[in-house]
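Read the structure below first, then the notes.
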Amino acid sequence: MKKIPIIIFLFTLLSLIAIISSCRSTSTIVEAKTGAQLWGENCLRCHNTPSPESFSDAEWDVAVMHMRVRANLTEPEAVKIADFLKTAN
Amino acid sequence: MKNQYLILFMTLMLAFMNKNANAQEVQSTDEIQKLKQEIELLKNESDTYRPGKSKFLLRGYAHSGLQITDEEFSFVGGSFNPLFIYKQSDRLLFESEWALEQSGGEIELEIEYANMSYLLSKNLTFRAGKILVPFGIFVPNLHPAWINKIPTAPLGAGHDGIIPSNDIGLELRGGSYLGNIKVNYSIYVVNGSQLNDGEEEPEEAGILHHAIFPDNNKGKTFGSRFGFFPFSDSSLEFGLSGMYGKVGAKDTDKEDVTALHYAFDISYIKTLSSISSVLDIKAQYSAVNVDDANYPSHENPEELITFDNNSTTWFAQVSLRPALVENSFVRRLEFAGRYSTLKTPEGAEWETDQSQVDLGINYWIDWRTVFKVSYQISNSNIEEAGGHGGAEGNAFLIHWAIGF
């Protein structure tokens, strides 16, 4: 009996993911936000905001890709954050 | 006649100046040529250091500390956790975190995770390998020592906890927007936890062990986490996690025993300008329900016992960092507090009902290096607590952690 709600839950979630994945990866709010804002909002959710001078541009490429996967960032968010970190470096 | 001399003089002067100008022009051309050659040399040299599409980054963290209780006054080893990140291309990433700990005079090495990520689209990533299970927020996001506000993990989390930490399998994850509301999601299939049937360790009968390989059955565990941010500044996140699968060993009477894990989590981060501080609140409630089964009794292995194999744990954590004040010493301070509880099945040999309060002050040397001083008060309603970790009694802890 316990399996039925779980299967329904997983099916619903799968469907939801499929729908969401086809949605836009950004919004007007994100488009309006600067890389610095996104850096502050997203990094601070788990840890202190990193100093841009901590890594080189090439290293930020790897670190931001790592965090894109880890923190479930969308591509536009990751690109804006990486650009900000490199510019402020 | 006088005019003729003047014209001759001026002609000679012009000729001299022209010659001089030509000489300067030649000199400038030589210098430009020389500069061009130097630039070319520098360009060639810098090209040798220019990274290719494949890039490697070594990061990680380390920590250790001092633990003072009624019974001990000891420096504790902590651990060294290197994190290897390899970006093979704009879509392909490999990462692996190891944990090296010294325990009982020996070095223990564990691979926390080692997986490959492939970016399928702007908002969907496929991962394969050993992953941190996306269950709640503590294990996937907050466990590294340089991130964790308190020197210890909350009750129920950590390697001996009831919350799954890592496992091998496949995962789809990502983030997206529903209008202006951000959401994130993960769905995965892993080997899953394994049930201790009590045949060899009756005192642990009914416990689930996580991250043991290979799998003890052919059934796989499915799970997911869904999070959403109701506010546009991503300050508030609600999360719902669940995982379900067989935990009993194949070809035993517990082959069909299943376990359902679920969790609710909340995270709130806000800069409070009025007190020049950053407020950070985290909380998570987790539960594990395992199907009923018969286990050998600890006192008499011939006798079978059963119990409602349900466990719960939750924690709530608050920290405040006056990061915006002018005084440089004060803005490096952080005040943190956490309450956690763990309740395991009544009637089980590993029954426990514990709670823990941690109060601490942290000093941040930089954004990823911290000294933590905390006082831990632990209470247990059961005389002999065991099985799923957690200290009894009070402890004074001084820890230092560095992220790199």
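Each chain gets a letter, A, B and so on, in the order its sequence line appears, and its residues count up from 1.
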Discussion item. Let's test your reading of the structure: which of Asn141(B), Leu119(B), Ile181(B) forms the most heavy-atom pairs below 4.5 Å with chain A?
Written reply: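 Of the options given, most contacts go to Leu119(B).
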
Fill in: Heavy-atom pair count under 4.5 Å with chain A, highest-scoring of Lys182(B), Arg173(B), Lys87(B), Lys149(B)
Arg173(B)

Discussion item. Between Trp146(B) and Trp364(B), is the ring centroid distance below 6.0 Å?
Written reply: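 Ring centres of Trp364(B) and Trp146(B) not closer than 6.0 Å.
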
Item to complete: Would you confirm whether the ring centroid of Tyr244(B) sits within less than 6.0 angstrom of the ring centroid of Phe222(B)?
Response: no

Of all of [options], which one pairs up most often with chain B through heavy atoms under 4.5 Å apart?
options                                : answer
Leu73(A), Asn48(A), Asn72(A)           : Asn72(A)
Ala58(A), Pro50(A), Ala63(A), Ser51(A) : Pro50(A)
His47(A), Arg70(A), Glu41(A), Met65(A) : Met65(A)

Under 4.5 Å from any heavy atom of chain A - which part of [X]:
X         : answer
Ile137(B) : neither
Leu83(B)  : side chain
Pro140(B) : backbone
Ser234(B) : both
Leu58(B)  : neither
Leu93(B)  : both
Leu132(B) : side chain
Asn148(B) : neither
Ser232(B) : both
Tyr113(B) : side chain

Discussion item. With a 4.0 Å cut-off on N to O distance, would you call Glu171(B) and Arg127(B) a salt bridge?
Written reply: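 Looking at Glu171(B) and Arg127(B), the cut-off is met.
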
Item to complete: Answer yes when Asp265(B) and Arg225(B) have at least one side-chain N-carboxylate O distance shorter than 4.0 Å, and no when they do not.
Response: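 Judged by the 4.0 Å cut-off on N to carboxylate O distance, Asp265(B) and Arg225(B) do form a salt bridge.
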
Worksheet item: Can you tell which of Tyr268(B), Phe229(B), Phe231(B), Phe228(B) makes a ring-ring contact (aromatic ring centres under 6.0 Å, His included) with Phe238(B)?
Response: Phe228(B)

Worksheet item: Are Tyr177(B) and Thr74(A) close enough, and set up right, to give a side chain to side chain contact (heavy atoms under 4.5 Å, CB included), and what steps lead you there?
Response: CA-CA 9 Å; Tyr177(B) 283 87; Thr74(A) 63; 4.1 Å; yes

Item to complete: Measure across Lys372(B) and Ala145(B) and return the closest heavy-atom pair with its distance rounded to 0.1 Å.
Response: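 Closest heavy-atom pair between Lys372(B) and Ala145(B): NZ-O, 2.6 Å.
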
Worksheet item: Which answer fits Asp61(A), side chain, backbone, both or neither, if we ask what part of it has an atom under 4.5 Å from a heavy atom of chain B?
Response: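 For Asp61(A), backbone and side chain are both near chain B.
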
Worksheet entry | side chain to side chain donor-acceptor pair (under 3.5 Å) assessment of Trp367(B) paired with Ser54(A) | CA-CA 10 Å; Trp367(B) 66 274; Ser54(A) 301; 3.0 Å; yes

Worksheet item: In terms of the angle between their ring planes, are Trp60(A) and Phe55(A) parallel, tilted or perpendicular, with boundaries placed at 30° and 60°?
Response: perpendicular

Item to complete: Check step by step if salt bridge (charged side-chain N to carboxylate O under 4.0 Å, His left out) holds for Asp280(B) and Arg45(A).
Response: CA-CA 8 Å; Asp280(B) 185 341; Arg45(A) 291 212 316 265; over 6 Å; no

